[in-house]
Amino acid sequence: MKSCDTQAGLIDFEEALSRLVDDAQAVVEIETVPLFQAVGRVLAQSPVASVAVPPADNSSMDGYAVNTAALSQTEMTRLRISQRIPAGTPPQTLLENSCARIFTGAEIPEGADAVVMQENVSVDGDYAIFPAGVTVGENIRRKGQDIDKGKDVLACGIRLQPSDLGMLASVGLSEISVYRRLKVAILSTGDELVEPGLPLASGQIYNSNRYILTGLLHSLGMEVVDVGCVADTQASTLSALAQAADRADVILSTGGVSVGEEDHVKSCVEQLGQLNMWKMRIKPGKPVAYGRVGSTPFIGLPGNPTSTLITFCLLARPFLLGLQGAAYHAPLVLPVKSGFERQRAIQRQEYLRVRFEAGEVIPFTNQSSGVLASASWANGLAIVPPNTKVSKGDSIQFIPFSELLA
Ligand code: AMP
Ligand code: MG
């Protein structure tokens, strides 16, 4: 990790992100899991294909396999049907001057070089009549067209999607090497916090962040080590952080990371380890902190639930995925039309909760970081760079939540 950021002022978003991504090396061991349980896991070793996919040339149509040399190029040709090849049946070599009835997915017989779809063939008893102009290779899916034998099936570091599991299955693998699930400790700071299900006294609020983070981490296939709620004291914060460092690969906290005298997270991290970054030029989420507790990486997220969500998605998520062994992929950012106007420019980069609908983005009416309804309503974030005004019809960058929430 790099040394503490001593410069006055806020850290630009891109700088903060690139430092986090640079620091995020896989910290977890490799394990073998059955393919059925591998969705969402990060591939730790690239499997080599021991078979080609498909393993042999096969038909992409229901029709008739022929040798084009036996067909006239100018008039119709009549050939005897000498065999029938359903999918799953080994074919016989094609007899000269004959054709084979063949079905989709069935292996092409030796000696055939095209399949004519049944709609273009007329049948007369044991004979099939072919049109002129059949071309070599038509309706044949070539051996290895999907995966060549001996090649890597998938790249190491990818997060396995259902289509990837299909690829692995297609080369015959029933289990696969993945990184074990990253253990992420979460702790919620705040004397005002009460767990849902319990009565609420004056001055208290329910703990939302615990549920936001648990949901986000489970969506990433990570294991949550819930250290619970932490009182706003130096002693409780120190003890919770030390416990978290013992039990997990990485620590996430929410709240208590700002500048008030009830905010203990930053000073406790400095006591137990080191602080590498603090305060980002972003809105919401300015007080994000990054460092380590002992040797365990730590990210302190702000307390307002919308800030927790957004800073997790933008900064913690790529860092955690890196620790989990995943290769870094920037989220898809789409240029879209602004359906709103903002003449007041601010110095921080702003992430507005917006809906992209009917070709333009519209922001939620209340963009306060205390208003979580903005995030539930939105389908993504619009980025307003520092010191930038927005007019209706301007091109604005939009990140769909689908890019950030899993
Ligand atoms: P803090 O950064 O600790 O000053 O918190 C900022 C705001 O977020 C305060 O209004 C807190 O009450 C609120 N907050 C902090 N943690 C949570 C939480 N876990 N759930 C809901 N609100 C929270
Ligand atoms: Mg607090």
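Worth knowing before you read on, the calculation uses all heavy atoms, side chains too, and leaves out hydrogens, waters and symmetry mates. Residues take their numbers from the sequence shown, with the count starting at 1.
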[atom1]-[atom2] distance between [X] and [Y], expressed to the nearest 0.5 angstrom:
X	Y	atom1	atom2	result
I310	E350	CD1	CD	9.5 Å
L95	Q83	CG	CD	7.0 Å
Q349	L314	CD	CG	9.0 Å

A side-chain contact here means heavy atoms from C-beta on lying under 4.5 Å apart; do [X] and [Y] qualify?
X	Y	answer
L334	P400	yes
I346	P386	no
Q234	C268	yes
I108	V115	yes
V194	I205	no
F298	Y290	no
F364	L352	no

Check: A373 main-chain N/O paired with S376 side-chain donor or acceptor under 3.5 Å: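 Flag not set: sc S376 to bb A373 has no pair under 3.5 Å.
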Donor-acceptor under 3.5 Å (S60 side chain, N139 main chain):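 At least one qualifying donor-acceptor pair exists.
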Minimum-distance pair of heavy atoms, taken over all atoms of [X] and [Y]:
X	Y	value
A155	S46	C-OG, 4.0 Å
H264	E262	CD2-O, 3.4 Å
L323	P297	CD1-CG, 4.2 Å
A248	K183	CB-O, 3.5 Å
N304	G370	OD1-CA, 3.7 Å
V257	W278	O-NE1, 3.0 Å

One pair to check against side-chain contact (heavy atoms from CB on, under 4.5 Å): E341 and V390. What are the steps and the verdict? CA-CA 5 Å; E341 182 152 311; V390 180; over 6 Å; no
Donor on one side chain, acceptor on other, [X] and [Y], under 3.5 Å:
X	Y	answer
R101	Q118	yes
Q274	N276	yes
N209	S188	no
E195	N207	yes
S236	T233	yes
R353	Q367	yes
E138	T135	yes

Residues that E31 engages under side-chain contact (heavy atoms from CB on, under 4.5 Å), provided they are two or more places apart: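 Residues passing side-chain contact (heavy atoms from CB on, under 4.5 Å) with E31: V33, R41, V178, R180.
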If the plane angle is over 60° it's perpendicular, under 30° parallel, otherwise tilted; pick one for F356 and F398. tilted
Got a sec: does the [atom1] of [X] have more than 12 other heavy atoms crowding it under 6.0 Å?
X	atom1	result
Q92	CD	no
E110	CD	no
M117	CE	yes
Q347	CD	no
E29	CD	yes
Y127	OH	no

Can you tell whether the side chains of E15 and R281 come within less than 4.0 Å, N to carboxylate O? no
Does a salt bridge link D57 with K143, judged by any charged N lying under 4.0 Å from a carboxylate O?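 Answer for the salt bridge query: no.
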Determine the sole option in L321, V42, L220, L320 for which the side-chain contact (heavy atoms from CB on, under 4.5 Å) test with L182 is passed. L320
List the steps, then state whether side-chain contact (heavy atoms from CB on, under 4.5 Å) holds for S391 with Q343. CA-CA 7 Å; S391 299; Q343 288 312 322; 3.6 Å; yes
Kindly state whether the ring of F319 and the ring of Y328 have centres lying under 6.0 angstrom apart. no
Could you walk me through whether S338 and D394 pass the side chain to side chain donor-acceptor pair (under 3.5 Å) test, one step at a time? CA-CA 5 Å; S338 162; D394 281 358; over 6 Å; no
Going through the checks in order, is the side-chain contact (heavy atoms from CB on, under 4.5 Å) test met by L193 and D191? CA-CA 6 Å; L193 301 178; D191 285 340; over 6 Å; no
